[in-house]
Chemist: 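I have a structure here, written as structure tokens, and I will follow up with some questions on it.
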Amino acid sequence: MTESCVRNTYSIIIIAALVAMCNTMHCHAQELSDTTLSSELNEVVITRKRSGTLKSVSVENKSIINQLELFKAACCNLGESFTTSPSVDVSYSDAATGARQIKLLGLSGTYVQMLTESMPAFRGAALPYSFRYVPGPWMKSISVSKGSSTVKNGYESITGQINVEYLKPQDEPGFTANAYFDTDMKLELNAEGNIKIKEGLSTELLAHFEDRFGTHDGNHDGFADMPDIRQVNLNNRWQWRSGRYIFHGGIALINEKSEAGQISDHRHAAADMSDPYIIDLYTRRYEAYMKHAYVIDSERNGNIALMATANMHQLDANFGRKGYWVNEKDIYARLMYETDLSEHHNLSAGLSLSYDYLGQHLKTTHDPDCNPEYIRERESVGGAYLQYTFTHSDRLTLMAGLRGDYSSYYKWFMTPRFNIKYTPVDGLNLRASAGKGYRTVHPWAEYNNLLASGRTMVVDQLKQEEAWNYGLSADYTLYVGSHKLILNTEYFYTDFKSQAVVDYDTSPGMLTISQLNGKSYSHTFQADLTWESPFGLSATGAYRLNDVKSTYGGKLLEKPLTSRYKALLTVTYSTPLELWQFDATFQMNGGGRLPAPYMLPDGNMSWGTRFKAFPQLNIQATRWFRHFSIYAGGENLTNFKQKNPVVWSHDPWSEYFEPTTVWGPIHGAMAYVGIRVNFGRL
């Protein structure tokens with residue numbers, strides 16, 4: 001029996017088992033549902049269904065994605081949570097490691113400040129693979145702030161902030177579980193349980209396991225389309241409240257093994273499997289955090305808080321005979337004070353301290369006689385901030401913040417930010433923002449996946465990245481009868497004064513990370529319309545235009561591998577009793593520029609000069625019961641795949657081998673099935 005037959009048979013067996021389990025549970029749940037329904041018919045309550053994505057009423061341009069939105073797709077991890085979002089793009093960064101990248105305002109996710117519960121997270125070596133470190137079922141909500149935002153969380157935000165809120169220990173006590181399986185042989189199991197130990201004291205345990213069985217090579221190039229990933233992820237969280245004092249704390253660990261590269265395939269006989277090109281990554285990550293808050297004056301919302309987090313991230317990454325091995329340690333602490341000066345005036349002030357250490361061993365050649373190079377990076381940054389907010393009724397809000405930081409590398413630098421929100425009439429919100437952001441670049445840590453390229457990778461001396469961001473937006477909510485319409489338009493401009501530029505263009509045989517010498521900017525314009533009816537039907541249509549350019553070899557060019565535009569349509573329908581929910585998302589991703597092509601030994605060019613627009617369609621159906629739900633769906637049902645994502649795949653040891661120029665989906669249509677169960681109080 002062939003490998004594909006075994007894989008398909010295994011898929012059918014597991015899916016059938018899940019369906020059988022769901023049918024058994026359905027009979028019991030239906031009895032409960034019918035009994036409950038007959039006993040509650042005496043009272044009728046009319047409600048409006050809550051939206052899955054909410055526009056924040058704050059002065060910042062912020063959207064909050066809650067679990068209603070996350071449940072519209074499989075949402076296995078944070079990297080797959082933006083499928084229905086018009087603002088955030090998610091794609092694979094290469095065709096070798098399975099690393100996901102996001103783009104906000106047309107720029108790489110390196111310029112988005114990642115936060116977990118308002119504390120900086122997943123920096124340095126964790127950055128390329130961070131979006132698979134946060135399981136979807138663990139998340140309570142995701143807030144996406146575009147452009148200039150608060151200075152409370154630091155200076156690193158350039159295009160915006162993404163803050164993940166986990167399920168809370170103080171939530172309703174109980175135990176929930178989630179199981180997921182897809183036709184690409186990926187299995188995921190998640191569990192969450194929280195216990196109220198005594199009044200004011202609660203604890204929670206989050207557990208995640210995933211594994212991909214076997215390998216898949218849909219384009220028959222001899223390379224696995226997706227890596228085999230086995231991950232164990234555990235998180236224990238605590239909450240204690242006594243009078244005016246509140247404590248949050250927890251510990252977490254991640255253990256992940258990922259393997260990709262050449263696989264045995266009789267249809268690709270040209271490959272030499274006596275010395276296969278293997279890419280394997282072994283990650284161990286340990287985290288601990290704590291938050292202490294004390295309410296000083298409840299009438300004026302006066303409080304003082306101390307929060308701190310410590311992380312150790314170890315990565316052993318091998319790309320053929322190249323390698324990157326790092327032991328990274330970082331510590332972050334913040335002391336903050338906030339109070340209302342009067343009815344209209346609020347003041348927030350604080351101190352922060354961060355320390356980053358990276359001990360790195362690096363091997364950039366396949367030469368077995370070449371010894372690894374040791375690189376040590378160490379930076380400490382201490383800073384202080386002051387932020388003032390003025391509110392006048394519900395019509396006008398101003399927020400101005402300024403922070404000063406001192407870096408052991410870059411000395412003093414200042415971060416000013418300003419936001420204004422004006423509501424001239426009910427339902428219409430106008431926002432404007434301007435602010436600066438900085439970022440220390442750890443090139444080998446943040447771009448280690450580029451070592452998979454056959455090119456010679458060169459890193460020049462780099463400065464601190466620095467950019468201004470300006471934004472304008474308007475959103476208007478109106479009701480037409482019982483129907484709700486939300487129209488949103490926005491424009492953002494990011495102007496880099498200093499930047500680390502990944503350059504594929506200047507030299508065909510080299511991949512250079514160099515200091516910007518010229519202009520670099522991003523213009524993005526977006527318009528979206530959301531319609532919500534009282535009959536269970538809602539839809540969102542969006543269009544975004546990107547103009548992203550940078551200077552490569554003295555020439556101002558479009559940023560490669562970046563879509564010129566994105567059009568999106570999402571539709572959700574729930575039956576009257578909300579027993580069934582159907583979701584569909586269609587995307588049209590515009591074309592863009594490819595890096596400068598080069599001549600291959602066989603006389604052909606490596607690729608063209610541009611890639612064309614491509615569509616994607618995802619659908620999902622969910623059946624809700626009292627204590628559980630089952631869902632099934634498909635992704636990339638248009639079955640669009642980038643042709644030849646791995647260039648010169650039959651000789652991965654040569655300089656012509658290139659798996660890092662990915663602009664579209666690597667694998668085709670995929671189906672999945674899953675079940676979410678709430679077992680109730682523990």
Chemist: With rounding to the nearest 0.5 angstrom, report the CD to CD distance, Gln161 to Gln113.
Modeler: 4.5 Å
Chemist: Is it true that Arg132 and Glu256 make a salt bridge, defined as a side-chain N closer than 4.0 Å to a carboxylate O?
Modeler: yes
Chemist: Give me the ring orientation class for Phe640 and Trp663: parallel if the planes are under 30° apart, tilted from 30 to 60°, perpendicular past 60°.
Modeler: tilted
Chemist: Would you call the rings of Trp607 and Tyr598 parallel, tilted or perpendicular, where under 30° means parallel and over 60° means perpendicular?
Modeler: perpendicular
Chemist: Is any side-chain heavy atom of Ser498 closer than 4.5 Å to a side-chain heavy atom of Gln464?
Modeler: no
Chemist: Could you walk me through whether Glu188 and Asp182 pass the side chain to side chain contact (heavy atoms under 4.5 Å, CB included) test, one step at a time?
Modeler: CA-CA 9 Å; Glu188 284 202 12; Asp182 64 34; over 6 Å; no
Chemist: With distance as the sole test, does Arg676 use its side chain to make a donor-acceptor pair with the main-chain N or O of Tyr631 at under 3.5 Å?
Modeler: no
Chemist: Would the distance check show the side chain of Lys421 and the main-chain N or O of Val57 forming a donor-acceptor pair, the cut-off being under 3.5 Å?
Modeler: yes
Chemist: Search all heavy atoms of Gly147 against all heavy atoms of Phe492 and return the closest pair with its distance.
Modeler: CA-CE2, 3.8 Å
Chemist: Please examine the side chains of Leu451 and Met457, heavy atoms only from C-beta on, and report whether any two atoms are closer than 4.5 Å.
Modeler: yes
Chemist: When you check the gap from the basic side-chain N to the acidic O, do Lys186 and Asp211 get nearer than 4.0 Å?
Modeler: no
Chemist: Which is it for Tyr129 and Ser258 under the side chain to side chain donor-acceptor pair (under 3.5 Å) test, yes or no, and what are the steps along the way?
Modeler: CA-CA 11 Å; Tyr129 315 102; Ser258 172; over 6 Å; no
Chemist: Please step through side chain to side chain donor-acceptor pair (under 3.5 Å) for the pair Asn66 and Ser141, ending with a clear verdict.
Modeler: CA-CA 4 Å; Asn66 58 40; Ser141 66; over 6 Å; no
Chemist: Between the main-chain N or O of Thr660 and the side-chain N or O of Glu658, is there a donor-acceptor pair closer than 3.5 Å?
Modeler: yes
Chemist: Between Asp356 and Arg123, is there a salt bridge with N-O shorter than 4.0 Å?
Modeler: yes
Chemist: Look at the aromatic rings of His523 and Tyr521 and report parallel, tilted or perpendicular, splitting at 30° and 60°.
Modeler: perpendicular
Chemist: Between Asn469 and Gly437 (side chain of the first, backbone of the second, donor and acceptor by atom type, cut-off under 3.5 Å), is there such a pair?
Modeler: no
Chemist: With side chain to side chain donor-acceptor pair (under 3.5 Å) as the test, would you mind laying out the steps for Asn61 and Ser473 before giving the verdict?
Modeler: CA-CA 8 Å; Asn61 190 320; Ser473 68; 3.2 Å; yes
Chemist: How many angstroms lie between atom CH2 of Trp138 and atom OH of Tyr166, to the nearest 0.5 angstrom?
Modeler: 7.0 Å
Chemist: Do the rings of Tyr565 and Tyr543 sit parallel, tilted or perpendicular, given the 30° and 60° boundaries?
Modeler: parallel
Chemist: Just wondering, more than 12 heavy atoms not from Arg230 lying within 6.0 Å of its CZ?
Modeler: no
Chemist: Of all the heavy-atom pairs spanning Val548 and Gly106, show the shortest one and how long it is.
Modeler: CG2-O, 3.6 Å
Chemist: Between Leu167 and Pro137, what is the shortest heavy-atom contact and its length?
Modeler: CD1-O, 3.5 Å
Chemist: Checking the side chain of Asn163 only, and the main-chain atoms of Ser118 only, is there a donor and an acceptor separated by less than 3.5 Å?
Modeler: yes
Chemist: Charged N to carboxylate O under 4.0 angstrom, Lys641 versus Asp225?
Modeler: no
Chemist: Distance from Ile102 atom CD1 to Met114 atom CE, nearest 0.5 Å?
Modeler: 6.5 Å
Chemist: Under 4.5 Å between any side-chain heavy atoms of Pro615 and Phe586, yes or no?
Modeler: yes
Chemist: Would you mind checking if Glu466 and Lys497 are paired as a salt bridge, meaning a charged N to carboxylate O distance below 4.0 Å?
Modeler: no
Chemist: Between Thr97 (side chain) and Asn449 (backbone), is there a donor-acceptor pair under 3.5 Å?
Modeler: no
Chemist: Evaluate the side-chain proximity of Leu511 to Leu450: yes if any heavy-atom separation is below 4.5 Å, no if none is.
Modeler: yes
Chemist: Between Arg431 and Asp475, does at least one N-O distance fall below 4.0 Å, as a salt bridge requires?
Modeler: yes
Chemist: Hey, are the side chains of Ile65 and Ser81 touching, using non-hydrogen atoms and a 4.5 Å cut-off?
Modeler: no
Chemist: If every non-hydrogen atom of Thr661 is compared with every non-hydrogen atom of Pro595, which pair is closest and at what distance?
Modeler: CG2-CG, 4.1 Å
Chemist: Are side-chain heavy atoms of Asp217 and Phe223 found at a separation under 4.5 Å?
Modeler: no
Chemist: Ser520 side chain to Ser550 main-chain N or O, any donor-acceptor pair under 3.5 Å?
Modeler: no
Chemist: Could you check whether atom NZ of Lys55 has more than 12 heavy atoms from other residues, nucleotides or ligands sitting under 6.0 Å from it?
Modeler: yes
Chemist: Is there a side chain to side chain donor-acceptor pair (under 3.5 Å) between Asn618 and Gln620 once you walk through the steps?
Modeler: CA-CA 7 Å; Asn618 300 335; Gln620 179 177 283; over 6 Å; no
Chemist: Around Asn517, counting heavy atoms of other residues, nucleotides and ligands shown, do more than 12 lie under 6.0 Å from its CG?
Modeler: no
Chemist: Any donor and acceptor pair, going by atom type alone, linking the side chain of Thr159 with main-chain N or O of Leu105 inside 3.5 Å?
Modeler: no
Chemist: If I take atom NE2 from residue His208 and atom CG from residue Asn178, how far apart are they, to the nearest 0.5 angstrom?
Modeler: 10.0 Å
Chemist: Would you mind reporting whether Leu78 and Phe122 have side-chain heavy atoms less than 4.5 Å apart?
Modeler: no
Chemist: I'd like to know if the side chain of Asn546 and the backbone of Ser563 have a donor-acceptor N/O pair within less than 3.5 Å.
Modeler: yes
Chemist: Nearest 0.5 angstrom please: Met399 CE to Ser148 OG, how far?
Modeler: 7.0 Å
Chemist: Does a side-chain heavy-atom distance below 4.5 Å link Thr309 with Asn311?
Modeler: yes
Chemist: Has Asn233 got a side-chain atom pairing as donor or acceptor with Tyr133's backbone, closer than 3.5 angstrom?
Modeler: yes
Chemist: Taking the six-membered ring for Trp and the full ring for Phe, Tyr or His, determine whether the centres of Phe496 and Tyr111 are under 6.0 Å apart.
Modeler: yes
Chemist: Once rounded to the nearest 0.5 Å, what's the spacing between atom CG of Leu107 and atom OG1 of Thr562?
Modeler: 8.0 Å
Chemist: Taking all non-hydrogen atoms of both residues into account, name the closest pair between Val151 and Arg417 and its distance.
Modeler: CG1-CD, 3.8 Å
Chemist: Can you name the one residue among Thr540, Asn488, Thr570, Thr477 that meets side chain to side chain donor-acceptor pair (under 3.5 Å) with Thr530?
Modeler: Thr540
Chemist: List the steps, then state whether side chain to side chain contact (heavy atoms under 4.5 Å, CB included) holds for Lys566 with Lys103.
Modeler: CA-CA 12 Å; Lys566 176 181 178 179; Lys103 292 182 179 178; over 6 Å; no
Chemist: Quick check: closest heavy atoms across Glu60 and Ser145, and the distance to 0.1 Å?
Modeler: OE1-OG, 3.9 Å
Chemist: Indicate, with yes or no, if the rings of Phe657 and Phe319 have centres closer together than 6.0 Å.
Modeler: no
